[in-house]
Each structure stands twice: as C-alpha cells, then as structure tokens.
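Taking it in order: structure first as structure tokens, then the write-up.
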Amino acid sequence: MEAELEIPSTLMAPPKKDFVSLAKAQLGFMNLFAIPLFQGVADIMPSMRYTVDELEKNKEIFERRVSEEQAKETPVRKRLLAEGTFSPRTMSFAVDPEASASTPKAGTPPASATPSTVTDGKKTVEQEAPSSGSEPPNEILPNPESMVSATPETPEHKVNGFIVPTSFDTVADFAASDPFRSHEPISTTPEKPASQNGKQRCSETTEESVPGQYHLDWTSQATSATTGKMPLSPSTRGTSIVSGESIDQGSTTKPLAPTSNATAMSQTSEPPTPNGSIGKAGGVKVLKKKSSRFRMNNFNFFRRSKAPASPPVPTNDTTMN
Amino acid sequence: MPYHNFRHVIDVLQATFSFLVQIGTIAPYPADVGGPTPTKSPIAKLLQPFDGLTLLVTAIGHDVGHPGVNNGFLITLNAPLAQLYNDRSVLESFHCAAYSQILRRYWPVAFDDTKMRNLMISSILATDMGLHFDYMKKLGDLQEKLQVDQSTDGWNGRMVEEQKSLACSLLIKCADISNVVSSLLRWK
C-alpha cells in the first residue's frame, strides 16, 4: 500500500517471503516481546507457566530450522564472498562504475555467463532445498556475478553496490539487518541487470510506474524515507541527487540522467530522484548512504504539504550545500 | 500477509479462554473433566469471573475494523483516524470505539455496565504494541511488589483496581501474540 501511496514503508522490518527470514523474524519477535512478556506474567501468575514452556519449545524448533536452512546456504554465500569483492565495511559489492556503465556490451557477456552460474546455483540449491529456499539463493547469484564479472577492477565505488539499510530506528529492525539477505529480492528478472545496465535502467524508471520500484526492493524501504519522500522533493534536489549518481555511473548514463530528469520534471508527480535510485534498484541494489542525509528534510516537506510541487528550495540548497 | 482477520480473533479468544481457565478464573470446560483445582496466585485471585467474561468479550472485539495497516502508517499519512486520535494508540482507540458501538447496538447490557466497559476499554487500548514496553515496566513493578508482599492483602482499593486492570491488559497482550507461542508447526 505504501508503494501506491508513494511514501516510505513504516514497517519495522520489511516482510520477506523466504522461510529463513520469516523464521528469523519470528525468532526475534519471540525473543524481544513474547518471552519477556510471558515470563513476567508467569512470574506473577504461576499458572501461566505452561505458556513459557511452549514458547521455549517453539523457539527451539525455529532455531533448529533456521540453522538447517543456513547450513544449506552457507556454501553459496562463501562462494560469493570469495569471488565477489565484498566489502565488509559497506557490505556492498564494490563495482567500478565506469567499467560497468561504459560498456553495456561488457554486461552482456557476463549475462551469458550468469545463466550458467545461475543454473549451477539452481542445481546445487535444488538438490538441497526444493522448497522456497531455492529461490533466494538464485537471486543472489545473478547480480553479484554480473557485477563482479563486469568489473575486473574494483575501486571503492558504491554506486552499483548493494543496498544495506545502515540506520535502524527501532530495535525490531534487526530482522532486516541481515546483510547477506539484504540483496536477495533485488530483481525478479535476473537477466536484466547484466544486459541493460545503466542505460536501460534510467529509461525504465522514467516510464515505469512507481509501484514497480517497490516490488523489487524490499530493504530499501527500510531506508526509504528518502526514497519515498523523493517524489515530493523539488526537482532541484532530485536533479542534484540523480546527477550525483549519474556522475558515478559514468558517461553512458549521463546523457540519460538529464533526459530522465526532463521527463520527470514534466510529470511533476514522478520526480527524477526515485528514478535514479529506482533505476538502480531495478537492476542492482545501490548503497543508499548518500541519500540518507536528506531524510529529515524530506520528511518535513512531506509533513508540511502533501503536494508534490512544494517549493522549499532555499532549505534544499542549504542542506545540499 | 493478511493477518488481522477472523482467524486472529478466534485465536485470541481461544488463548484468552485458555489463560483464564488455567489461572482459575473460569471453570474448565467441559466441566466434568476433573483436574485439580488450580491454586490461584494472588493476582489471579483479583480476577473475578465477571472480569473473565469481560476479557472474553474484549478478545472478540479487540481488533474490530482493522484496516490492515499499522499505527505508524496512519500517523505518517496523517490519516483522518490518526488526526482524530492525536496519533496516540490510533488503531486501538478506533477498535475500542467501534466495538463499543456494536455492543451498544446489539448488547446494551454490556454497554451499560460501566465496570465492564472500563475494563474493556483499558484492555483494548493495551493491545497497542507501541506501548508494549510501558506494560513491561508496569509488570516489573508488580513483580517487585509481589516479591515484597507475596499477597495482595495489604493493598488499598485503588491499587487493587489498578493491578486488576493491569492483569487483564497483560492477559490480553499475551493472547494477542499467543499465536506465535501456540504452535509453530503451522509454518511448516
């Protein structure tokens, strides 16, 4: 619903469909809320002790299942870590933007390579976990693989990395904090990121409706105060953000960024900023650290007026500069 | 995943009933199943069958008219409901008010009973998870008090009422999240 309304999701932990995430969420919920509550109540009303026992039992069941599932997935993850240039600090796969953006063709050979790796991943995973567990690991593979293979040199650019919600406002955000799962629901179409790269992404986002972006990117919603608020921010801010990103992306996307901005500005309802950010989400997760500093400003704007064309430009500029 | 629906109500109702029977406020059902009569804890002694009835009624209606979104969402959106309730326990206030209206229409006796209504209101409002930690603190205080006293004999009338209300709130809270403690085999 938030997607339709174009505001950030207020869910503390965006719902993920795979079992392990769900299980972990349940575990966390149990540990955080249920166990203290029931233990306290059992303390003052001893007859309620049976609930605590049941809780403990269920917790064990969950923990066992989670460790089982994780054991299956660890080999996949280790491979990614080893092959990819996984930066533990930013929790992102560092990618050279120019190398990736300048040659969409470079993207294509990896695209052809990825299907094989995908099948590899599929095979290994399917042998072990025919259930929903097979899906997420598959999604892990195409993106990092394509990213990595597309960029032999890997300086520390965070453009085409993976989104990590780095700020958690509530305790319950831990469920979303698992870095390894954060890039899972990146794209439902593995072939996209490799082939389309920067070019297509921008054009996609200018045309696609907003809800599309949210389908692809659950964790970004955790930091999506900015993502969601972007639609309401004036075009100047949006431009600056997009151009910032487009600079990082290199020459190929640059001509498109203004174009997308122009199209977006003409629409007024679909400002450029989400396009830039969503374009990435469409293909690859982007490290959203950059936009987080705008969060409070965007939030205020939203509160002030719901009209997207609110012109708090001066404030923008001060924060921008 | 749609959650606040009929099934949730049944779960909570069942859980509440189970708790109430367990602590001895309500007689077990079926009544002929003989078990040892549980010795009531001091707190459990506070709860009369009337309170038990109130709790059951509360359990049914504690999520009436749930729109499928949570409080944070409504507040962020400046929804009319949030504005009406000043961003405080928005959903729970709404559930309470809506349920009261239903009772007024269909069960006037329950609606007219002030005590029951009071207890019901405070219990429904207690289901706001945003206030969860407040209730945990109150629970801690109660625990401490009981460690000192071991009984509620020395309590004055107001304290009794307060703690009774707290006990009811806690039971409802437990029932509300009891779905996760009852059986996790459902997930499989």
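A, B, ... follow the sequence lines: proteins, then strands. Residue 1 opens every chain. We use all heavy atoms of the structure for the numbers below, so side chains are in, but hydrogens, waters and symmetry mates are not. These numbers were taken from a predicted model, which means no experiment stands behind them.
- Taking each heavy atom of Leu139(B) and Gly40(A) in turn, the nearest pair found is CD2-CA, 3.6 Å.
- Residues passing the salt bridge (charged side-chain N to carboxylate O under 4.0 Å, His left out) test with Lys138(B): none are found, sequence neighbours excluded.
- Heavy-atom minimum distance, Gln143(B) versus Gln39(A): NE2-O, 4.5 Å.
- Applying the salt bridge (charged side-chain N to carboxylate O under 4.0 Å, His left out) rule to Asp43(A) yields no partners; only residues at least two apart in sequence or on another chain are considered.
- Taking 4.5 Å as the limit, some side-chain heavy atom of Met45(A) sits within range of a side-chain heavy atom of Leu171(B).
- Proximity to chain A among residues 102-128 of chain B is not found for any residue, judged by heavy-atom separations below 4.5 angstrom.
- Of the inter-residue distances, the one linking Phe33(A) atom CZ with Met129(B) atom CE reads 4.5 Å to the nearest 0.5 angstrom.
- With rounding to the nearest 0.5 angstrom, the CD1 atom of Ile44(A) is 7.0 Å from the CG atom of Leu146(B).
- Using a 4.5 Å cut-off on side-chain heavy atoms (C-beta onward), Pro36(A) and Phe133(B) make no contact.
- Residues satisfying the salt bridge (charged side-chain N to carboxylate O under 4.0 Å, His left out) test with Glu60(A), not counting sequence neighbours, are none.
- Of all heavy-atom pairs between Tyr50(A) and Ser18(B), the closest is OH-OG, 2.8 Å.
- Counting all heavy atoms, side chain and backbone alike, Ala34(A) lies closest to Ile177(B) at CA-CD1, 3.8 Å.
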